[in-house]
Amino acid sequence: MPTTQRVPSSSGFYAQLDALLTERELELVRRARRFCDERLAHESLAAFIEGRPYASSLIDDWAGKGFLSLQVPREQGGHGASYPCKIRIAQEVARHSFATAFALNNLQGSVTRLARSGSDTQRAALLEGFMRGRLLGAPALTEPEAGSDLGALRTEAARVDGGWLISGSKAWVTNGAVVNCPLVLAKVKGSGAQDGQIASFLVDMSAPSGSYARRPMPSVGGHSFRCAELVFDRHFVPDWAMFNAPGEAFKASLASITAARVHVAAMCTATLHAALCDAIAYCRQRTAFGQSLLDHQGLRWELAEVATRLEAANALVVLAAQRIESGDAAITVAAQAKKFAVDTAIWGLDQCVRCVGARGATSGMRLAMHQAELRFSAYTDGTGQLLLDRIGKGLLKDYPGTEQGK
């Protein structure tokens, strides 16, 4: 974790998060912004218009800039960046494309997980490939019949000499169409007292002894998520590929989901901020009845409401990011940040499009793209109902009454 003095370097919407970064991290954010403005912006919009994922070469270029190894410790060849830096860079991508930001952030998270929690053997075998983008990872948790209920998964890992045979299906795997080394959650089978407990495995899909199928799950407007179902049929992985031991993987997965919820919230606020800026700029120069659209009070008030809720969502994101970086309890505030940011962004984008009018549905603006991609945020890392349930279960603890607080 960086210990350099943190210095504010910007004003405006991103100033609160930027104030949490070191000067070195701020330079990484500036580099990411340049890359996004010069390379990613055009490619992501062109891909959306053409109904395809962004070009896979973008992953190679992103890795070449060192952004996949953003949080890898510096002694291992990475940047050793903080959690707030991670989400700020994800926001730079989300300004142009929520789906691209989500997909690239997902790849980066797999590299970080391996660098921080992998064994010496795993890091020696895989880390360089992950950092350079030759190996692409993803958490493979969700199953066709078990979404947020991780405990109901059916994928099994059967013990054999020298390793495990993985059998089962994982659905809605982000980047599933391109990953070649996902982290698969499975119930161990035939291992004595550990039988039935959940473990996780780094599954090399290029292994010659492997048996798997990849089934794309295309979705309207969500091509750049590259979601796919991965089906394993007695796919062999060696002993050293076990990432979390039986009984530990479930807890580790839940912990990672808390941080992931804040990623999603942060990207939602960045996408809505970009849309709001575009809508305001358009309404300022477009005239109707002798004055700019922005001079019409009714329209101006609608955008003012979007701006107000956006700032509130951003404040929750900053609070949650601070809690996660400091190691404080963040389960409730992460759920609150995602719930409020997602709801605000989906509603706010609708307002922006209505204020712009028919022009907002054209390919000349990104509003239609933002609308189509950002709606997927409501389904990832916990639906709104699940998040409310999570928040509700913590009410007595998080908001104690006077007598309880004594």
Side-chain angles (χ1 to χ4, degrees), residues 1-2 6 13-21 25 28-29 32 67 70-71 81-95 98-113 116-117 138-139 141 148 174 225 251-273 309-346 348 373-374 376-384 386-391 393-394 398:
M1 185 182 302
R6 300 186 184 278
F13 182 73
Y14 297 105
Q16 288 178 288
L17 268 177
D18 284 349
L20 304 178
L21 310 186
E25 290 174 329
L28 288 172
V29 173
F67 290 118
L70 183 66
Q71 290 187 287
S82 64
Y83 179 81
C85 182
K86 170 192 176 74
I87 63 175
R88 267 297 284 121
I89 287 179
Q91 286 181 319
E92 289 301 321
V93 185
R95 288 169 50 236
F98 178 85
T100 305
F102 191 96
L104 291 177
N105 188 67
N106 191 279
L107 292 174
Q108 184 264 317
S110 294
V111 183
T112 302
R113 190 177 298 111
R116 291 182 174 178
S117 304
L141 313 178
S148 298
T174 302
F225 291 98
K251 182 178 179 181
S253 297
L254 292 180
S256 68
I257 287 174
T258 295
R261 287 172 177 165
V262 185
H263 306 164
V264 176
M267 290 184 286
C268 282
T269 60
T271 300
L272 179 57
H273 180 259
R309 297 192 193 184
L310 173 60
E311 292 294 343
N314 186 52
L316 268 175
V317 167
V318 173
L319 175 61
Q322 289 174 310
R323 293 269 183 90
I324 289 175
E325 177 67 5
S326 64
D328 294 336
I331 293 176
T332 297
V333 73
Q336 291 169 327
K338 182 179 186 290
K339 175 67 170 64
F340 190 72
V342 168
D343 289 351
T344 296
I346 292 174
E373 293 185 344
L374 195 134
F376 288 87
S377 64
Y379 320 134
T380 60
D381 300 306
T383 63
L386 186 148
L387 294 171
L388 285 175
D389 191 57
R390 172 65 266 177
I391 297 164
K393 287 179 179 178
D398 296 319

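No hydrogens, no waters, no symmetry mates; every other heavy atom, side chains included, goes into these values. Computed from a prediction, not measured in an experiment: that's the story for all the values here.
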Kindly compute the distance separating [atom1] ([X]) from [atom2] ([Y]), expressed to the nearest 0.5 Å.
{"X": "Leu388", "Y": "Gln336", "atom1": "CG", "atom2": "CD", "value": "10.0 Å"}
{"X": "Leu17", "Y": "Gln322", "atom1": "CG", "atom2": "CD", "value": "8.0 Å"}
{"X": "Leu319", "Y": "Gln16", "atom1": "CG", "atom2": "CD", "value": "10.0 Å"}
{"X": "Leu21", "Y": "Tyr14", "atom1": "CG", "atom2": "OH", "value": "13.0 Å"}
{"X": "Ile89", "Y": "Gln108", "atom1": "CD1", "atom2": "CD", "value": "8.0 Å"}
{"X": "Thr332", "Y": "Lys393", "atom1": "OG1", "atom2": "NZ", "value": "12.0 Å"}

For Tyr83, the option from Leu20, Thr112, Ile324 that meets side-chain contact (heavy atoms from CB on, under 4.5 Å): Ile324
Would a 4.5 Å heavy-atom cut-off, applied to side chains only, mark [X] and [Y] as touching?
{"X": "Asn105", "Y": "Lys86", "value": "yes"}
{"X": "Leu374", "Y": "Phe102", "value": "no"}
{"X": "Leu104", "Y": "Phe67", "value": "no"}
{"X": "Arg88", "Y": "Cys85", "value": "no"}
{"X": "Asn106", "Y": "Pro139", "value": "yes"}
{"X": "His273", "Y": "Asn314", "value": "no"}

Looking only at heavy atoms, which two atoms of [X] and [Y] are closest? And how far apart?
{"X": "Ala345", "Y": "Leu272", "result": "CA-CD2, 3.7 Å"}
{"X": "Leu387", "Y": "Gly382", "result": "CD1-O, 3.7 Å"}
{"X": "Ala138", "Y": "Thr174", "result": "CB-O, 3.5 Å"}
{"X": "Ser377", "Y": "Ile346", "result": "OG-CD1, 4.4 Å"}
{"X": "Ala330", "Y": "Thr258", "result": "O-CG2, 3.8 Å"}
{"X": "Ala321", "Y": "Val262", "result": "N-CG1, 4.2 Å"}

Is the side chain of [X] donor-acceptor paired with the backbone N or O of [Y] at a distance under 3.5 Å, no angle test?
{"X": "Gln91", "Y": "Ala270", "result": "no"}
{"X": "Arg261", "Y": "Asp381", "result": "yes"}
{"X": "Ser256", "Y": "Ser253", "result": "yes"}
{"X": "Thr344", "Y": "Leu310", "result": "no"}
{"X": "Lys338", "Y": "Thr380", "result": "yes"}
{"X": "Glu25", "Y": "Ser82", "result": "yes"}

Parallel, tilted or perpendicular, as decided by the 30° and 60° cut-offs, for the rings of Phe376 and Phe225: tilted
Side chain to side chain contact (heavy atoms under 4.5 Å, CB included) evaluation trace for Phe98 with Val264: CA-CA 9 Å; Phe98 178 85; Val264 176; 4.2 Å; yes
Trace of the side chain to side chain contact (heavy atoms under 4.5 Å, CB included) decision for Arg390 with Lys339: CA-CA 11 Å; Arg390 172 65 266 177; Lys339 175 67 170 64; over 6 Å; no
